[in-house]
Protein chains: 2
Amino acid sequence: MARKLQTEIRKEQIAEAALGVVHAHGLRGLRMERVAQRVGIVPSALYRHFSGKQAVIDAMLDLIRGKLEGIVAAASDEPLPPMDRLRHLLRQHLALVQHFQAIPRLLFSDEVCVGNSARKARIYETISRYLEAVAGLVRQGQADGSVRDDVDADTVAVMYLGLFQPAAILMFMSDGGFDAARHIDRAWGAFYEGIAPPSSKVTTHSHNRPHAGAKRP
Amino acid sequence: MARKLQTEIRKEQIAEAALGVVHAHGLRGLRMERVAQRVGIVPSALYRHFSGKQAVIDAMLDLIRGKLEGIVAAASDEPLPPMDRLRHLLRQHLALVQHFQAIPRLLFSDEVCVGNSARKARIYETISRYLEAVAGLVRQGQADGSVRDDVDADTVAVMYLGLFQPAAILMFMSDGGFDAARHIDRAWGAFYEGIAPPSSKVTTHSHNRPHAGAKRP
DNA sequence: CGATAATGTGAATAAGCATTCACATTAAGT
DNA sequence: ACTTAATGTGAATGCTTATTCACATTATCG
């Protein structure tokens with residue numbers, strides 16, 4: 001019964017295709033016909049796999065959540081000091097968003113949630129989980145002394161989100177004219193300065209981020 | 001000829017009403033009928049003042065741009081040291097966004113831009129101007145020594161945007177459960193730490209931000 | 001091979017909504 | 001007060017698009 005597998009594959013194909021449509025045309029441009037065309041079938045065939053457009057949207061959100069969880073897990077397992085893992089995650093996240101521009105468009109679009117509080121709650125949960133993972137890394141940093149104790153880990157996590165979210169938006173709005181990668185590299189410096197323990201402050205700043213060995217002296 | 005004035009007032013009423021609809025129903029829920037109902041007229045009457053829905057959206061964007069320019073100008077004229085003006089602007093901005101939740105929904109919604117590159121460019125320009133004003137304040141801070149010289153003012157401006165943008169999104173997604181004001185207060189501390197000159201670093205951190213008198217020693 | 005369930009097709013349905021139009025009402029200027 | 005342009009009204013139009021349905025095709029399993 002390779003049939004069940006086929007079905008799963010088809011569903012994923014469809015979700016990916018939908019992601020592509022959102023990438024190209026925005027959420028407003030998400031039409032069943034476009035999705036079907038990308039898969040290579042006729043619109044009505046989509047209803048063999050999904051109950052309707054809303055279900056396709058849900059599938060996209062599941063896909064995105066999976067991808068996000070993937071990079072978070074990968075970064076968490078990295079054999080690096082906590083803050084380096086965080087920076088690694090930041091890069092991964094940027095790469096992911098650059099590849100699937102639909103991600104911020106979907107997650108941060110109210111359209112998806114209007115009149116669907118269950119979905120809204122699920123998205124909030126996804127973001128919350130992401131933030132919790134980041135906060136966890138920050139707390140590890142606080143435990144090993146690479147992050148000052150008097151900042152709130154959850155606040156730092158939201159600030160971390162603020163490192164690339166505006167960058168992603170500007171990247172989109174400027175049609176790629178805004179260099180998000182450069183911004184993030186530069187911003188990370190100031191970001192880290194703000195949460196590093198006073199003892200590790202360096203005058204030259206810029207590109208050198210202290211490694212984890214910097215236990216409080 | 002109070003007629004011309006009346007027309008202007010009507011147009012503004014309509015734009016405000018549209019803003020209210022977006023606030024309540026999201027951009028997807030922006031329907032001519034709802035806008036008309038809020039104004040107290042019938043849908044077809046809207047076409048006496050606007051050529052169509054797209055024109056109404058443009059009017060909303062104009063309104064928003066005006067409001068943003070307003071708080072920026074007000075904050076810039078405040079008789080305070082640059083970084084205090086920036087913090088003041090941050091609070092004003094949060095208040096504005098809390099009152100008109102439609103603002104982030106519109107400005108950062110790709111829906112508005114899809115198939116309308118002119119509008120996209122205009123929005124990008126609005127954001128850019130805002131960022132330029134913030135960067136200007138940062139440069140003033142660098143000039144008077146309250147901000148370190150080795151950070152890029154434009155980068156800081158985007159980071160500043162990142163202070164409340166994620167907060168606004170979380171506020172919306174959590175139906176107000178996320179306390180954006182508290183986040184911003186806390187985040188400002190770490191933000192300022194990150195860009196303050198090394199000499200002014202304080203161990204206790206938290207709520208005390210150095211005043212402008214802190215010329216470099 | 002033949003039964004059968006899954007998947008794909010094309011045409012038809014129908015609902016939502018912006019927009020238009022012919023006509024009514026209001027208010028400004030003389 | 002009368003003319004006229006502006007504004008408002010209600011019904012009608014038409015386009016876009018999701019969705020459905022009867023029928024065709026495919027592939028799996030006995």
Side-chain angles (χ1 to χ4, degrees), chain A residues 1-22 24-61 106 109-116 119, chain B residues 1-22 24-61 106 109-116 119:
Chain A
M1 62 153 62
R3 217 43 178 285
K4 188 56 180 290
L5 178 64
Q6 276 295 346
T7 301
E8 282 310 312
I9 290 180
R10 239 329 182 235
K11 285 184 98 160
E12 205 169 305
Q13 280 183 349
I14 293 172
E16 298 262 15
L19 230 45
V21 172
V22 174
H25 301 99
L27 192 57
R28 175 162 197 162
L30 179 63
R31 302 194 194 136
M32 295 303 263
E33 198 209 332
R34 286 185 172 143
V35 177
Q37 193 171 352
R38 287 195 177 224
V39 180
I41 57 180
V42 89
S44 59
L46 294 173
Y47 293 81
R48 296 292 174 197
H49 306 278
F50 291 98
S51 63
K53 188 177 177 177
Q54 296 305 312
V56 173
I57 293 179
D58 281 329
M60 291 172 70
L61 292 174
L106 268 181
S109 155
D110 51 341
E111 315 279 324
V112 180
C113 305
V114 163
N116 192 328
R119 190 145 62 196
Chain B
M1 68 148 62
R3 215 46 179 280
K4 188 57 181 291
L5 178 64
Q6 276 293 345
T7 301
E8 282 310 311
I9 290 181
R10 241 328 184 234
K11 286 184 100 160
E12 204 170 306
Q13 279 182 349
I14 293 173
E16 297 262 13
L19 230 45
V21 172
V22 173
H25 300 98
L27 191 58
R28 174 162 198 161
L30 179 64
R31 305 198 190 134
M32 296 303 263
E33 199 209 331
R34 286 185 172 144
V35 176
Q37 193 170 351
R38 288 196 175 223
V39 180
I41 57 180
V42 90
S44 59
L46 293 174
Y47 293 81
R48 296 288 175 202
H49 306 279
F50 291 98
S51 64
K53 188 176 176 178
Q54 297 305 312
V56 173
I57 292 178
D58 281 329
M60 291 171 69
L61 292 174
L106 269 180
S109 155
D110 50 340
E111 317 279 322
V112 180
C113 306
V114 163
N116 193 328
R119 189 144 62 196

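Small disclaimer: the values here were computed from a predicted structure and weren't measured. The chains referred to below are lettered A, B, ... by the order of the sequence lines, with proteins before strands, and numbering in each begins at 1. The figures that follow rest on heavy atoms only: side chains count, while hydrogens, waters and symmetry mates do not.
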In whole angstrom, give the distance that lies between atom [atom1] of [X] and atom [atom2] of [N].
X     : N      : atom1 : atom2 : value
A/Q37 : C/dG8  : CD    : C1'   : 16 Å
B/E33 : D/dT9  : CD    : P     : 13 Å
A/M32 : C/dA15 : CE    : P     : 18 Å
A/R28 : D/dA18 : CZ    : C1'   : 15 Å
A/Y47 : C/dT13 : OH    : P     : 17 Å
A/R48 : C/dG10 : CZ    : P     : 14 Å
A/I9  : C/dT7  : CD1   : C1'   : 14 Å
B/E8  : D/dA6  : CD    : P     : 14 Å

First locate atom CD of B/E8, then atom NE2 of B/H49, and finally report the distance between them rounded to the nearest 0.5 Å.
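The CD atom of B/E8 sits 10.5 Å away from the NE2 atom of B/H49.
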
Of the candidate nucleotides C/dC17, D/dA18, D/dT7, which contains the atom at the shortest distance from the side chain of B/R31?
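Of all the options, the side chain of B/R31 is nearest to C/dC17.
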
Hey, is the side chain of B/S44 pairing donor to acceptor with the base of D/dG10 inside 3.5 Å?
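Result: at least one qualifying N/O pair found.
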
Does CZ belonging to A/R38 count more than 12 external heavy atoms closer than 6.0 Å?
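Yes, enclosed.
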
Which part of the nucleic acid does A/L46 contact within heavy-atom distance under 4.0 Å: base, sugar-phosphate only, or nothing?
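No contact.
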
Quick one: do the B/R10 and B/Q13 side chains pair a donor with an acceptor below 3.5 Å?
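There is such a pair between these side chains.
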
Are OP1 or OP2 of C/dA6 and a side-chain N or O of A/R10 less than 4.0 angstrom apart?
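A/R10 to C/dA6 OP1/OP2: no side-chain N or O under 4.0 Å.
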
I'd like to check B/E111 versus A/L27 (side-chain heavy atoms, cut-off strictly below 4.5 Å). Are they in contact?
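A side-chain contact exists here, since the closest heavy-atom pair is under 4.5 Å.
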
